[in-house]
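First up is the structure itself, then whatever we jot down about it.
Since the model is a prediction, treat every value here as computed from it, not as a measurement. Throughout, protein chains are lettered first and strands after them, A, B, ... in sequence-line order, and every chain is numbered starting at 1.
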Amino acid sequence: GSGGGSGNAAAQMKVVGSSTVYPFTTAVAEVFQRANPGSSVIVESTGTGAGIKLFCEGVGGQTPDMVNASRQMKASEYETCAQNGAKNVIEVPIGIDGLTLIQAKEQAPLNLTVDQIYKALAADPFGKGANKAQTWKDVDPSLPATKIRVLGPPPTSGTRDSLAELILTKGCESDPAMKELKKTDEDKHKSVCTKIREDGAYVEAGENDNLLVQKVSADPGALGVLGFSFLEENADRVSPVSIAGIAPTEATISDLSYPGSRKLYVYVKGEHLAAKPSIKSFIEAYAKAWGKGGPLEKKGLVPLHDAEATAATAQATGLKPLDPSSLK
Amino acid sequence: MNSASAAASRWTGEEMQKRVAGRYRAERRFRFFGFFAIGISVAFLAFLLITMAWQGLGGFSRTEARLTVNFATSDLFLEEATLRGPEAQEAVASAGLEGVIEQAAVAQFGEGAGELFGGASARSLGDQLIEDPSLLTKKAELWIPLSSKADVAAKGEGDPALEKLLDKVDTKRVFNSEFLTASDATDASVVGVWGALKGSFLTILVTMALAFPIGVLAALYLEEFAPRNRWTDIIEVSINNLAAVPSIIFGLLGLAVFLNFMHLPRSAPLVGGLTLALMTMPVIVIAGRNAIKSVPPSIRDAALGVGASKMQVVFHHVLPLALPGILTGTIIGMARALGETAPLLMIGMRAFIASPPEGITQPASVLPVQIFLWSDEVDRGFVEKTSAAIIVLLVFMLLMNGLAIYLRNKFERRW
Amino acid sequence: MTLSIALVAVLLLAFAAGLFARRRAVGLRGGGARLNSLPGYHAFYVALWAALPALLLLAIWTPVQTGLIEQSVLSSPVGQKLPAFDLARDTILTEAREIAAGDREAGFNAESSELAPIYDAATSRYAAVGGSIAIVFALLGAFLSMRRIGVDFRARSSVERWVMGLLVAASLIAILTTLGIVLSLLFESLRFFQQVPITEFLFGTTWSPQTAIRADQAGSSGAFGSIPLFWGTAFIGAIIAMIVAIPLGLMSAIFLTQYSPPKLRAWLKPMLEILAGVPTVVYGYFAALTVAPVIRDFGIAIGVSSASSESALAAGLVMGIMIIPFVSSMADDSIAAVPQAMRDGSLALGATKSETIKKVLLPAALPGVVGGVLLAVSRAIGETMIVVMAAGLAANMTINPFESVTTVTTQIVQLLTGDQEFDSAKTLAAFALGLLLFVITLILNLIALRVVRKYREAYE
Amino acid sequence: MIETIVPNPTESDEPSVVDGPAKMSARKVGVFYGEKQALKDVSVDIHDDKVTAFIGPSGCGKSTFLRCLNRMNDTIAGARVVGDIELDGDDIYASRMDVVQLRARVGMVFQKPNPFPKSIYENVAYGPRIHGLAEKKDDLDGIVEKSLKRAGLWEEVKDRLQESGTALSGGQQQRLCIARAIAVDPEVILMDEPCSALDPIATAKIEELIHELRGRYAIAIVTHNMQQAARVSQRTAFFHLGEMVEYGRTKDIFTNPVQQRTQDYITGRYG
Amino acid sequence: MIETIVPNPTESDEPSVVDGPAKMSARKVGVFYGEKQALKDVSVDIHDDKVTAFIGPSGCGKSTFLRCLNRMNDTIAGARVVGDIELDGDDIYASRMDVVQLRARVGMVFQKPNPFPKSIYENVAYGPRIHGLAEKKDDLDGIVEKSLKRAGLWEEVKDRLQESGTALSGGQQQRLCIARAIAVDPEVILMDEPCSALDPIATAKIEELIHELRGRYAIAIVTHNMQQAARVSQRTAFFHLGEMVEYGRTKDIFTNPVQQRTQDYITGRYG
Ligand SMILES: Nc1ncnc2c1ncn2[C@@H]1O[C@H](COP(=O)(O)OP(=O)(O)OP(=O)(O)O)[C@@H](O)[C@H]1O
Ligand SMILES: Nc1ncnc2c1ncn2[C@@H]1O[C@H](COP(=O)(O)OP(=O)(O)OP(=O)(O)O)[C@@H](O)[C@H]1O
Ligand SMILES: [Mg+2]
Ligand SMILES: [Mg+2]
């Protein structure tokens with residue numbers, strides 16, 4: 001490459017990736033820039049998949065230095081990275097987020113199980129034909145007879161992946177036959193377990209979560225799917241739906257007992273560390289911020305727990321490259 | 001004379017009177033509908049503006065609370081000398097003022113009062129210390145801005161617990177000048193629009209500098225010079241069609257051409273401006289052509305007749321007469337460019353950038369993207385900041401259009 | 001920064017040459033001759049020749065110089081010691097350049113401070129070379145063109161040829177942009193059509209891009225029938241929004257030009273234009289939180305049980321308001337431009353104002369009105385935020401305005417800004433949609449062109 | 001260039017000027033364009049059965065006065081009219097005056113031909129259509145044909161009625177505008193130099209038309225052609241520098257004007 | 001000035017009057033508007049020291065022909081000119097002809113007055129400015145004043161030179177356009193009914209102007225006024241239905257026309 005590109009590339013760090021991690025990284029970036037005048041961190045929210053793709057395009061001034069991810073990097077993605085010269089990928093877990101279901105505050109608190117949710121939302125529950133459930137009562141007689149109406153992310157969103165992965169698949173696999181199916185016909189399994197109905201019960205609500213909160217709070221009976229931080233911030237308007245009796249709280253998410261919990265990561269390109277020493281300081285600043293009582297917790301990030309927390313802090317200073325075999 | 005009176009009775013006769021009355025009714029209906037149309041549009045605009053002002057004016061103010069800080073007894077490691085020195089800013093930033101404030105707040109207002117103060121509080125305290133380092137030795141009573149959460153509560157829309165707590169606190173509303181001078185931040189209490197405003201300004205400057213001349217020249221060529229043949233038809237249709245291309249596709253084009261091919265810097269106003277210029281140009285061309293078409297041919301004849309060249313006719317007569325219409329196109333095109341988000345997302349202008357751009361090649365954000373991002377922020381404090389930023393955007397737009405509108409009114413002529 | 005000095009020098013030189021040429025031309029006229037062209041044209045001609053070749057040279061030289069400087073810096077003793085890894089080297093070089101330019105005081109890397117003076121020296125050296133060549137070019141251009149000044153020299157035609165070139169170039173930009181768009185859509189679309197049969201895409205009636213973009217992602221099947229999207233686009237953008245925007249916009253324009261006092265018009269017209277510049281997020285919120293619930297309640301009240309809070313009507317109505325100024329301002333200008341004699345002719349026959357407007361002014365102003373409407377439709381088609389927020393993302397084929405529909409552009413934006421992968425049908429579908437939309441609007445524009453040509457009434 | 005002007009002999013047995021109720025009467029009319037007074041103190045009568053000619057040097061206010069008579073001055077920004085003008089005894093500037101009907105009753109042919117950018121047919125049919133003067137297409141065709149014939153244009157355009165009115169020659173446009181005005185059958189017809197672009201034959205046709213219409217309509221005509229004024233009019237008003245210098249029987253004005261200025265103008269000695 | 005008259009009406013390729021080299025000469029000129037032929041086979045000479053008048057009924061193609069002489073027809077979409085027209089021996093439709101310079105040399109006054117929507121001063125000053133005829137403001141003022149005076153408009157507008165040219169009366173606009181055309185000092189002046197909206201006195205002024213200019217410029221004038229044609233011109237061409245019926249010395253045409261049609265038209269018997 002040529003040094004002809006303008007901008008002060010050296011002092012500049014580029015971060016791309018998940019929109020869930022975006023607010024946390026920007027918060028750290030802000031503090032970091034104030035403490036290190038002249039440095040600049042550019043954080044762009046592109047979604048995890050696209051972020052990793054940009055990240056893995058290779059090494060050099062044109063590619064990002066870090067990527068935010070709301071899930072672990074896939075083995076296939078790592079392979080692309082390695083092929084393009086970025087062999088030295090460093091994984092830093094930064095905390096936990098919860099995928100929560102919300103409802104209007106004035107509604108009676110609802111308690112669902114993952115398979116009830118699956119039965120209500122799947123396009124083809126357990127492969128037994130199109131979903132005909134109109135009310136929650138149709139799903140399970142113990143539930144109220146309110147119309148099923150769930151506002152959630154569109155298929156293009158990373159949160160939708162989480163919904164499918166953390167809740168729907170689990171609900172689906174409550175039927176052992178489905179677990180079997182996974183071994184015999186993976187495609188079929190995926191279709192049956194993750195495809196969401198399109199007859200209006202599930203409303204694709206775009207990516208603006210504040211709007212989703214407002215719509216849910218104004219629409220009694222409707223549920224919404226979004227990140228834990230929004231629930232926390234809007235606790236006066238909406239209340240959480242418990243899953244299997246567990247309500248999403250910091251505690252339940254942090255010990256991963258709440259089904260909708262997921263870990264968040266930042267990946268660093270090891271090759272860039274030498275050229276941009278500031279990356280190291282940035283990750284250190286990150287580690288300072290993610291602890292219990294730290295500024296990121298205020299922003300809705302749930303801190304890691306005990307051993308994991310220690311490991312993460314160690315990783316933030318040690319910056320050990322990823323072992324590809326640990327990836328799925 | 002018979003026929004004369006017949007004619008007279010024809011116009012004043014009953015049937016004609018009825019007909020005229022009907023036509024007048026139609027006239028009144030028409031006029032009323034016109035009035036109604038403009039009324040609706042204006043009422044709608046007023047509604048939007050008023051709601052935005054209502055929600056957004058709060059964004060220009062912030063709540064400050066009176067807090068007694070005893071620096072003498074606090075565990076603050078700061079020396080007066082450093083505060084007077086050149087490194088004062090950094091010293092203050094790393095001194096842990098948050099802790100000092102929290103301590104003082106808890107001491108003064110009781111448990112949980114730590115939530116009252118946040119990022120902006122520490123910053124403001126730091127500024128006050130730098131201004132008057134002698135405070136360090138005293139027990140001082142200071143006005144400190146509240147955290148964004150507490151600010152929202154103080155404005156009556158937040159956490160009831162906090163509101164209760166605030167009852168005990170002595171607060172006042174002050175103008176938040178930082179909103180206009182600071183840049184993006186993650187803490188709603190310290191955000192500002194300056195960075196985005198500057199980014200928008202630079203971007204729109206690039207757009208205007210390219211789209212206006214190119215648009216006008218293209219319109220002149222197509223309307224005045226181009227032979228009427230298949231080629232110019234292709235140009236004409238393709239320009240009209242460009243206006244219908246969704247803006248995001250211009251983003252794709254910008255991504256492919258300016259970033260991937262020309263390697264211009266990502267997130268920069270230069271690229272944003274170029275992309276928006278491509279998007280705006282068709283609007284200016286279309287409006288411009290219509291304006292040029294409506295210049296009566298006799299004016300051209302007159303100028304040609306005294307020996308003006310085609311070029312002179314166009315630049316001396318047609319262009320000035322068509323200018324109002326061209327400016328209209330420019331105004332709505334620029335307004336659109338100024339409020340556009342989608343294509344800028346594609347070329348990286350959605351990045352979090354906490355410092356204002358220094359030039360057109362520096363990473364920058366723009367107001368609409370800033371608004372778009374803020375509207376999706378978790379923190380409730382961003383709601384009014386979003387509206388406030390919209391107000392800034394609209395004011396900016398009006399100022400920008402002001403000149404064009406002035407020129408348009410000046411050049412408008414009826415013949 | 002000596003190149004910018006050279007730039008200024010060239011411009012000054014061109015200016016001076018222009019002035020000199022003007023003097024000479026005036027002098028010729030003083031000799032009693034009648035010049036073919038005004039002295040100003042001679043001046044302009046000479047200035048163009050002095051400036052343009054030199055500027056072109058500078059434009060070419062600038063990137064060349066960067067490479068040369070870099071080479072010379074790297075071949076210096078310090079430069080040879082730099083790490084071979086290009087990112088690290090580039091970073092140091094960039095830092096050195098910035099220090100040399102005075103943009104920063106020190107870099108992260110110690111080498112950069114050492115390199116800075118070398119960088120500085122190389123920069124001045126090459127800039128001096130490039131600058132002098134440019135100035136020589138400018139002088140040569142000025143000198144040669146100056147020799148052509150004469151009584152019979154058609155300076156005006158020459159200058160006008162330049163201007164003409166500029167005009168043609170400006171129009172060609174539109175073609176290039178179109179070409180660029182087609183190219184940037186075409187290849188990805190072709191890849192899409194390798195995965196999804198084109199017939200399904202064109203004629204399929206279900207749209208559900210739930211297909212997996214990675215081997216392990218949610219959703220596995222996908223339906224890529226674009227018809228519901230195009231229907232939704234037409235329904236919201238071309239039908240509902242236009243039902244709002246055309247009458248309101250047109251009548252506003254008529255009121256402003258024909259009925260309102262000029263002072264009021266001077267205020268109201270720019271006010272309406274604000275509507276076009278309000279960020280669409282604002283409209284989106286308004287549509288979703290204020291209009292949509294009202295419409296849903298209304299729908300339920302009149303017995304439409306399927307009325308949802310995401311409705312085509314809510315999005316279309318608000319979008320219609322947003323594009324009012326496109327119709328009103330352009331119609332206003334065109335109507336105002338119809339000669340007064342036309343108006344007088346009609347009024348003198350005893351026509352009422354509204355008859356005059358409807359039967360004489362509007363037909364005469366037709367091109368402008370149609371132009372405005374086309375722009376408005378275009379804008380409506382391209383709008384996403386309002387649709388996402390108020391009409392939802394569900395691709396329903398329905399003519400019930402109380403139901404949720406989605407549009408092509410919205411889907412494109414969702415597909416492109418969401419989680420994406422550039423070789424899955426899901427992301428590629430965005431390009432195919434873009435291309436198809438492009439083709440359809442192209443056809444519509446061709447028709448519009450024909451229609452307008454046919455019905456245009458040229459006055460005088 | 002003194003030419004013998006022979007006044008219309010048919011009017012020799014006319015009684016005095018101020019006789020019979022006038023169709024339109026103007027009293028002390030003045031017009032201001034902004035600050036500038038373009039017309040002052042004009043008092044003129046227009047009679048049903050007579051043609052009134054307005055003569056005077058260019059820029060003296062003839063067109064301005066004509067435009068007062070059907071309130072076309074309303075459309076000029078900054079134009080202001082003072083004084084009284086009555087049509088059949090009603091003040092046309094009264095607030096309850098119906099301007100639309102006024103203009104239908106007082107038709108006008110403008111000095112500069114201003115055909116609509118429509119077909120020739122539509123140009124003529126426009127007025128009858130808006131006033132509902134024809135019920136059927138046939139009736140309308142009839143009106144169009146008759147009007148074009150009377151304006152002496154029919155022969156030239158009968159094969160191209162669907163062509164644009166703006167693609168006609170200057171004189172054809174002028175006749176088209178005359179046809180358009182008479183097609184609505186007004187009570188008063190104001191013609192501002194209707195023959196300025198016409199050749200002698202076409203002029204003769206228009207004059208014939210005026211003669212023919214005279215019995216039924218009140219007609220006012222502005223002309224620079226003294227012979228024409230003398231030929232077609234029974235009353236003549238002479239304007240000069242915004243004032244009406246003299247008004248009276250055409251015969252008297254042309255043979256025995258009271259004012260020296262009139263005398264000078266008519267004999268071409270003016271200026 | 002002795003004129004050799006070689007009457008040769010049968011030789012259609014040559015104009016019937018041959019005397020000295022013509023400033024402009026048209027041979028077998030025809031004009032089509034789209035499919036329709038508006039003019040055919042016109043051959044006329046325009047001389048430096050003579051005024052040529054074009055007469056003929058309305059719509060016969062006079063304006064069309066005039067517009068051919070400085071290629072103003074180029075601006076009408078669909079108009080097509082055939083035949084040869086030469087200015088000083090150069091074919092004006094040749095590709096190397098500089099149309100702009102041609103129009104500067106061959107000035108034109110249009111049938112419908114078309115002032116620019118600029119001030120009166122700017123209207124007249126525009127031509128001299130673009131041709132660089134005045135170096136200083138004073139010179140320009142001088143040209144404007146002289147042109148307005150020659151067009152007989154100066155007295156009426158000298159106090160309001162900054163007012164818009166479109167706010168003038170019809171006749172004033174016409175004179176303004178004449179002033180504008182003569183301000184650039186062209187070699188040939190084409191006037192399309194320059195006096196149609198003018199009163200006799202103003203007409204006399206323009207005629208005087210024509211007489212005055214005749215020695216220096218070639219002048220062509222379209223008029224419907226036979227007397228005017230007879231007064232001001234030395235050569236007359238009579239057009240009818242798109243054909244040039246007769247061209248010759250004015251005296252001959254008016255006293256002793258060769259063609260019956262000419263005879264009929266001049267004596268007003270036509271039609
Ligand atoms: N732009 C045009 N398109 C089509 N036909 C036209 C156009 N201009 C003129 N004509 C036709 O060409 C013929 C000659 O028109 P021209 O204007 O030359 O007549 P003219 O002799 O000047 O008449 P007038 O004395 O009425 O001005 C007429 O029949 C007219 O209708
Ligand atoms: N719209 C206007 N604004 C200002 N002044 C005007 C306007 N129209 C006409 N005038 C002026 O008013 C005076 C009278 O004009 P008017 O048109 O009535 O003259 P006229 O008698 O019809 O002349 P002509 O025979 O030349 O048409 C003239 O001095 C003219 O310049
Ligand atoms: Mg007049
Ligand atoms: Mg003519």
**By side chain to side chain donor-acceptor pair (under 3.5 Å) - contacts of His131(E) (at least two apart)** = none
**Message:** Show the nearest heavy-atom pair for residues Phe110(E) and Asp301(B), with the distance to one decimal.
**Reply:** CZ-O, 3.3 Å
**For the student: nearest non-hydrogen atoms of Asn114(E) and Ser298(B), plus distance** = ND2-O, 3.1 Å
**Request:** Let me know if Pro186(E) has heavy atoms under 4.5 Å from chain B in its side chain, its backbone, both or neither.
**Result:** neither
**Item:** CZ (Phe201(B)) with more than 12 external heavy atoms under 6.0 Å
**Value:** no
**Asked** In terms of heavy-atom contacts, does OH of Tyr33(E) have more than 12 from other residues, nucleotides or ligands at under 6.0 Å?
**Response** yes
**Complete:** Note: His316(B) and Tyr126(E) closest approach over all heavy atoms is ND1-OH, 2.7 Å
**Asked** More than 12 non-hydrogen atoms from neighbouring residues, nucleotides or ligands closer than 6.0 Å to CZ on Phe36(B), yes or no?
**Response** no
**Item:** Validation row: Lys310(B), Val100(E) side chains within 4.5 angstrom (heavy atoms)
**Value:** no
**Message:** Once rounded to the nearest 0.5 Å, what's the spacing between atom CG of Leu321(B) and atom CZ of Phe116(E)?
**Reply:** 10.0 Å
**Prompt:** Top residue by heavy-atom pair count (under 4.5 Å) with chain B, among Met108(E), Met72(E), Arg105(E), Gln101(E)?
**Reply:** Met72(E)
**Message:** Does Arg230(B) have more than 12 heavy atoms from other residues, nucleotides or ligands lying within 6.0 Å of its CZ?
**Reply:** no
**Nearest non-hydrogen partners of Lys118(E) and His317(B), listed with the distance** = CE-CE1, 3.4 Å
**Gap between atom CG of Leu304(B) and atom CZ of Arg67(E) - 0.5 Å precision** = 9.5 Å
